[in-house]
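In what follows, every heavy atom counts, from backbone to side chain, and hydrogens, waters and symmetry copies are set aside. All of these numbers come straight from a predicted model, not from anything done at the bench.
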Amino acid sequence: LRMSAVLGIGNALVDIIIRLEDENFLHRMNLPRGSMTMIDSEKVNTILRESAHIKSDMAQGGAVANTISGLACLGVKTGYIGKIGNDEFGNIFRKDLEEKKINPHLLYGNSPTGRAMTMLSSDGERTFGTYLGAAVEMNPGEISPAIFKDYQWLVAEGYLVFNRELITAALDIAKKQGMHIAMDMASYNLVENNLVFIKSMLKDYVDLVFANELEARALTGLEDPKDALIKIGEICQMAIVKVGKEGSWIIRGNEIVKVNGIAAECID
């Protein structure tokens, strides 16, 4: 992978990280613990107002943007396609990419830059209220195949299933250019609500799929992570099921490997 260049495409978001004192806040905001729920700008403002007394941080976010950032920190050549607003949050996002030497293939929309209200429970579980903003304005006609030619891998986030034409177009360009395609399943409720479409994408385009335990269960209907892994491996060439502090299960063809987690203090 170090010798490969990796292009990411996803929802360009700025994370606003709120460290919850208790679970009551999630109930009041009607956000299911551990899920990702789409919210509007009014709900963003409600969360900000109701959490004003709680410690919060801000960082460049979006599932694939985070993955690309991690790869860039490991020395991999990377690029990122996303859409931001012409505002302070958009400037924060672009600056963060540039500082990490990630090629910013960024588009500008009419709406404000998207934000992910990221609520951390005391045990490290994360619950997201996501306002897509400008990110949702990205359309297939704006994705230039020329961008893809400098890369060997495309990493797409499952959250893009909310824009089916866009993700299909991106995967199609990558496939026609002979790229490898990786996808992260993003959220269990997203998988449940888009199951037929997601299975079709995995079958037709994806070489490598990542899922956590809940997402793997939603994808296969199987409780045991290893059983779910084997089932997903029948669809994709390679699959990884993440099992929290226990590490990950990996399958490629008939080969199954367990990678143990590294003992660490849980932050999220």
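- With hydrogens and angles disregarded, a donor-acceptor distance shorter than 3.5 Å links the side chain of N189 to the backbone of M36.
- Residue L171 holds its CG atom at 10.0 Å from CE of M179, rounded to the nearest 0.5 Å.
- The heavy-atom pair separating G85 from A134 by the smallest distance is N-CB, 3.7 Å.
- Between L208 and H180 there is no side-chain heavy-atom pair separated by less than 4.5 Å.
- Judged by distance alone, the side chain of T130 and the main-chain N or O of M38 form no donor-acceptor pair under 3.5 Å.
- More than 12 heavy-atom neighbours from other residues, nucleotides or ligands sit within 6.0 angstrom of CG on N24.
- Pairs passing the salt bridge (charged side-chain N to carboxylate O under 4.0 Å, His left out) check and including a residue from residues 184-196, sequence neighbours excluded, read D184-K242.
- Using a 4.5 Å cut-off between side-chain heavy atoms of Ile, Leu, Val, Met, Phe, Trp and Tyr, V196 forms no hydrophobic cluster with any other residue.
- To the nearest 0.5 Å, the span separating CG on N91 from CD1 on I84 amounts to 7.0 Å.
- The CD1 atom of I235 lies 10.5 Å from the OG atom of S200; values are rounded to the nearest 0.5 Å.
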Salt bridge (charged side-chain N to carboxylate O under 4.0 Å, His left out) between K100 and D96, intermediate numbers included: CA-CA 6 Å; K100 291 172 181 168; D96 197 84; 2.9 Å; yes
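- With S35 contributing its side chain and L31 its backbone, the two residues share no donor-acceptor pair below 3.5 Å.
- Here the shortest heavy-atom pairing between I198 and V161 reads CG1-CG1, 4.0 Å.
- Pairs passing the side-chain hydrogen bond (donor to acceptor under 3.5 Å, both in side chains) check and including a residue from residues 104-120, sequence neighbours excluded, read D87-T113, R94-Y108, H105-Y151, S111-E137.
- Checking side-chain atoms of Q177 against main-chain N and O of P145 turns up a donor-acceptor pair under 3.5 Å.
- Q60 contributes no side-chain N or O that, together with a main-chain N or O of L97, makes up a donor-acceptor pair within less than 3.5 Å.
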Donor-acceptor list for residues 49-59 side chains, cut-off 3.5 Å, not counting sequence neighbours:
from : atom 1 : to  : atom 2 : distance (Å)
S51  : OG     : I47 : O      : 2.6
D57  : OD2    : R19 : NE     : 3.4
D57  : OD2    : R19 : NH2    : 3.1

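- For Y159, there are no ring pair (Phe, Tyr, Trp, His ring centres under 6.0 Å) partners at least two apart in sequence or on another chain.
- No continuous path of ILVMFWY side-chain contacts below 4.5 Å connects Y131 to L166, so the two sit in separate hydrophobic clusters.
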I'd like to know whether L106 forms a side-chain contact (heavy atoms from CB on, under 4.5 Å) with Y80, so could you lay out the CA-CA distance, the side-chain angles of the two residues, the decisive distance to 0.1 Å, and finally the verdict. CA-CA 7 Å; L106 294 175; Y80 180 79; 4.0 Å; yes
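- Nearest heavy-atom pair across W153 and S4 is CD1-CB, 3.8 Å.
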Begin from the C-alpha positions of L219 and K199 and carry the test side-chain contact (heavy atoms from CB on, under 4.5 Å) through to its verdict. CA-CA 8 Å; L219 194 56; K199 282 187 173 179; 4.2 Å; yes
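- Residue F25 holds its CZ atom at 15.0 Å from CZ of R33, rounded to the nearest 0.5 Å.
- Residue K226 places its NZ atom among 12 or fewer non-hydrogen atoms of other residues, nucleotides or ligands, all under 6.0 Å distant.
- Between the E142 side chain and the N139 main chain, a donor and an acceptor come within less than 3.5 Å of each other.
- Side-chain contact between M29 and T37 is absent, with no heavy atoms from C-beta onward closer than 4.5 Å.
- The backbone N or O of I17 lies less than 3.5 Å from no partner atom in the side chain of D15, so there is not a single donor-acceptor pair.
- For the pair V209 and M185, the minimum side-chain heavy-atom distance is below 4.5 Å.
- Judged purely by atom type and a 3.5 angstrom limit, S144 uses its side chain to pair as donor or acceptor with the backbone of A146.
- Residues D150 and K77 have side chains in contact (heavy-atom distance under 4.5 Å, counting atoms from C-beta outward).
- A donor-acceptor pair is defined here as one N or O able to donate and one able to accept, closer than 3.5 Å; no such pair exists between the side chain of D172 and the backbone of T168.
- Here the NE2-CG distance, from H27 to D22, works out to 8.5 Å after rounding to the nearest 0.5 Å.
- Under the side chain to side chain contact (heavy atoms under 4.5 Å, CB included) rule, I147 has a single partner from I9, L7, I173, which is L7.
- In this structure, the separation between CZ on F210 and OG1 on T67 is 7.5 Å, given to the nearest 0.5 Å.
- Under the 4.5 Å side-chain heavy-atom criterion for grouping Ile, Leu, Val, Met, Phe, Trp and Tyr, F128 is connected to V136 within one hydrophobic cluster.
- Under the 4.5 Å side-chain heavy-atom criterion for ILVMFWY residues, a single connected hydrophobic cluster contains both I143 and L132.
- Of all heavy-atom pairs between M138 and K83, the closest is N-CD, 3.5 Å.
- C236 approaches D207 most closely through the heavy-atom pair CB-O, 4.3 Å.
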Atom pairs and distances, side-chain donor-acceptor, residues 245-258, under 3.5 Å, sequence neighbours left out:
from : atom 1 : to   : atom 2 : distance (Å)
R252 : NH2    : E255 : OE1    : 3.2
K258 : NZ     : E246 : O      : 3.0
K258 : NZ     : N260 : OD1    : 3.3

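- Within the 4.5 Å cutoff, no side-chain heavy atoms of T46 are placed close to those of I39.
- For N45, the CG atom counts as densely surrounded, since its 6.0 Å shell holds more than 12 non-hydrogen atoms of other residues, nucleotides or ligands.
- I240 and V64 fall within the same hydrophobic cluster, where Ile, Leu, Val, Met, Phe, Trp and Tyr residues are linked whenever their side-chain heavy atoms come under 4.5 Å apart, directly or through other members.
- Counting all heavy atoms, side chain and backbone alike, I68 lies closest to G8 at CD1-N, 3.6 Å.
- Judged by distance alone, the side chains of N212 and E215 do bring a donor and an acceptor atom under 3.5 Å apart.
- In this structure, N194 contributes its side chain and F197 its backbone to no donor-acceptor pair below 3.5 Å.
- With hydrophobic clusters built from ILVMFWY side chains whose heavy atoms lie under 4.5 angstrom apart, V241 shares a cluster with V191.
- Counting heavy atoms from C-beta outward, I167 and Y205 have side chains that stay 4.5 Å or more apart.
- Looking only at side-chain heavy atoms (C-beta outward), M117 and T127 stay at 4.5 Å or farther from each other.
- Counting heavy-atom neighbours within 6.0 Å of K43 NZ, excluding the residue itself, gives a total above 12.
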